[in-house]
Number of protein chains: 2
Amino acid sequence: MSVSIAVAAKHANIAPSTVWSSGPALEADARPGFELSGVVMHFAAERQIYAEGDDARSFYKVVSGVVRTCRFLSDGRRQIDGFHMEGDVFGFEAGADHRLSAEAVSECTVIAYRRRGLESMVFHDDRLGNWFFSHAMTSLAAAREHSLLLGRGSAAQKIAAFLQEIAQREGSDNTIELPMSRQDIADYLGLTIETVSRTLSQLERDGTIALPTARRVLLKDRRALRSLTV
Amino acid sequence: MSVSIAVAAKHANIAPSTVWSSGPALEADARPGFELSGVVMHFAAERQIYAEGDDARSFYKVVSGVVRTCRFLSDGRRQIDGFHMEGDVFGFEAGADHRLSAEAVSECTVIAYRRRGLESMVFHDDRLGNWFFSHAMTSLAAAREHSLLLGRGSAAQKIAAFLQEIAQREGSDNTIELPMSRQDIADYLGLTIETVSRTLSQLERDGTIALPTARRVLLKDRRALRSLTV
DNA sequence: CGAATACTTGATGAGACTCAAGCGCCGTGG
DNA sequence: CCACGGCGCTTGAGTCTCATCAAGTATTCG
């Protein structure tokens, strides 16, 4: 059984500037694509997509740009849970509301999918259910990997793992374009901005990487980088 | 549609000392119980239930005792991903093999359920699918919470959060019985055994907790404990 | 009772945080 | 064209927390 949801035009209050794609069945991407219709939305860099505690009426897929999901601590600090790049789905929650905030790292475009009725539906459509289940399990594995990194690991290990993660996701040939600021990296790795900067400088001095510009990283010695990994 | 799997008695090679319950359909527990038959197994404290990399032929439910899931790092250190108590399910993997090891913290009894064919089946049985999906999402939330704790948080914050987590899971009235060693706690929180010990002592000096014995904790001032939490 | 194990406590040092400048890149405006 | 801020990043100096190394105490078990 295959299901297609018609998205009610209720999101209109989000922003008059949002672009609509109310047509049926959106494309498949690499993964089993879902046959859901969604709403295309644009966000400027640093804009909030949803806040912690908001009703989780929708979940999202990144079309272009980068999104971060994060949480703010009582002392004002921020923990970034993950970065979401093209094709990634984020904001899919078990409960009624979002447990994390989502913000645009760079200018970005996302598709918002209505969640209403999804739970009951998911389990009647093989592909859909399969997709969401596998998404949940993949996220779980990623979260555990992140825990591992945060719990153990020196600053150098964290940075090395981070660079390799980004390199892999960008599918890049030893050149990384960092879409996020040093502060974002720090909040993702549980470090301070100064330590991130110092560690990158040290890696450059060691000849492991090069930093032609602050946001561009050249992986000069991937073996050395790998050897830092836990 | 509701499905019931007959578990073949193939687990016989696990250990001659394991106790068997080859009977059919095991009970439901509080959650939507599954109509799966499983194999009851006993483990002495510190015994391995499965290892990282093992075929994930089965997943498990704790009947009594406590289990830890963990990973060993190249430098010999250990990161504990979670503790599993009565009723908890662990070892359910997306992929073909276990990404973590599982070990008995105390003497324990678990039920092993065959996983074979579960993926395809899960999506045809509402309750079953629902249960597993919700289990995955709950685990995900827990993993994120754990990340948050590990990434930020001083030793005191970690210990405070840990004590509250255990208290909640034991449903206890201000008295906690710690089933795990200081080393286990350290490996769970990304600390050393000495820091765990010192921090507990400090909390006792502050009057926040009392330690009648090493493994028994009295929460004397839950407000103070909570105020340490992120 | 003795030995092993688990936990606590102390002294010291390394690594990361904090506070504080300093640099470099850009966009703005003179 | 250059001066001027503003912002993000880097670098430095001092401090603090937690890890490490090393005893010392308590508890369990044979």
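Lettering of chains follows the sequences in order, A, B, ..., and the numbering in each one begins at 1.
- T213(B) comes within 4.0 angstrom of no nucleic acid atom, judged by non-hydrogen atoms across all strands.
- At whole-Å resolution of the value, CZ in R216(A) and C1' in dC25(C) are 14 Å apart.
- Considering only side-chain N and O atoms, R198(B) lies nowhere under 4.0 angstrom from the phosphate OP1 or OP2 of dG10(C).
- Between L178(B) atom CG and dT8(C) atom C1' the separation is 15 Å, expressed in whole Å.
- Among the atoms of the strands shown, only primed sugar atoms or phosphate atoms (P, OP1, OP2) are found under 4.0 Å from some heavy atom of S201(A).
- Residue contacts for S181(B): at a heavy-atom cut-off of 4.0 Å it reaches the sugar-phosphate backbone alone, with no base atom in range.
- In this structure, R77(A) places its CZ atom 9 Å from P of dC17(C), rounding to the nearest Å.
- If you take CD1 of I193(A) and C1' of dA21(C), they are 15 Å apart, rounded to a whole angstrom.
- Distances were taken from every side-chain heavy atom of L191(B) (C-beta onward) to each of dA19(D), dT10(D), dA16(C); the shortest belongs to dA19(D).
- A salt bridge links E145(B) to R71(A): one of the charged nitrogens lies within less than 4.0 Å of a carboxylate oxygen.
- Between the CG atom of L203(A) and the P atom of dC9(D) there is a distance of 17 Å, given to the nearest Å.
- A salt bridge is absent between D187(A) and R77(A); no separation between the charged side-chain nitrogens and carboxylate oxygens falls under 4.0 Å.
- Across the protein-nucleic acid pair, Q183(B) atom CD and dT20(D) atom C1' stand 13 Å apart, rounded to whole Å.
- Checking the phosphate oxygens (OP1, OP2) of dG15(C), no side-chain nitrogen or oxygen of S154(A) falls inside 4.0 Å.
- R152(A) has its CZ atom 11 Å from the C1' atom of dA19(D), to the nearest Å.
- Of the charged side-chain nitrogens involved, none lies within less than 4.0 Å of a carboxylate oxygen, so that R198(B) and E194(B) do not count as a salt-bridged pair.
- Using a 4.5 Å heavy-atom threshold, the side chains of R78(A) and L73(A) count as separate.
- Under 3.5 Å, the side chains of Y188(B) and E165(B) contain a donor-acceptor pair of N or O atoms.
- If you check dT8(C), dA16(C), dC9(D) against the side chain of S197(B), the one that comes closest is dT8(C).
- As judged by a 4.0 angstrom heavy-atom cut-off over every strand, L200(A) is placed among residues making no nucleic acid contact.
- Side chain of R215(B), nearest nucleotide from dC7(C), dT10(D), dT8(C): dC7(C).
- Side chain E194(B) to base dC21(D): a donor-acceptor pair is found below 3.5 Å.
- Listed candidates were dA19(D), dC7(C), dT18(C). Nearest to the side chain of T192(A) is dT18(C).
- Regarding R182(B), its CZ atom lies at a distance of 13 Å from the P atom of dT28(D), rounded to whole Å.
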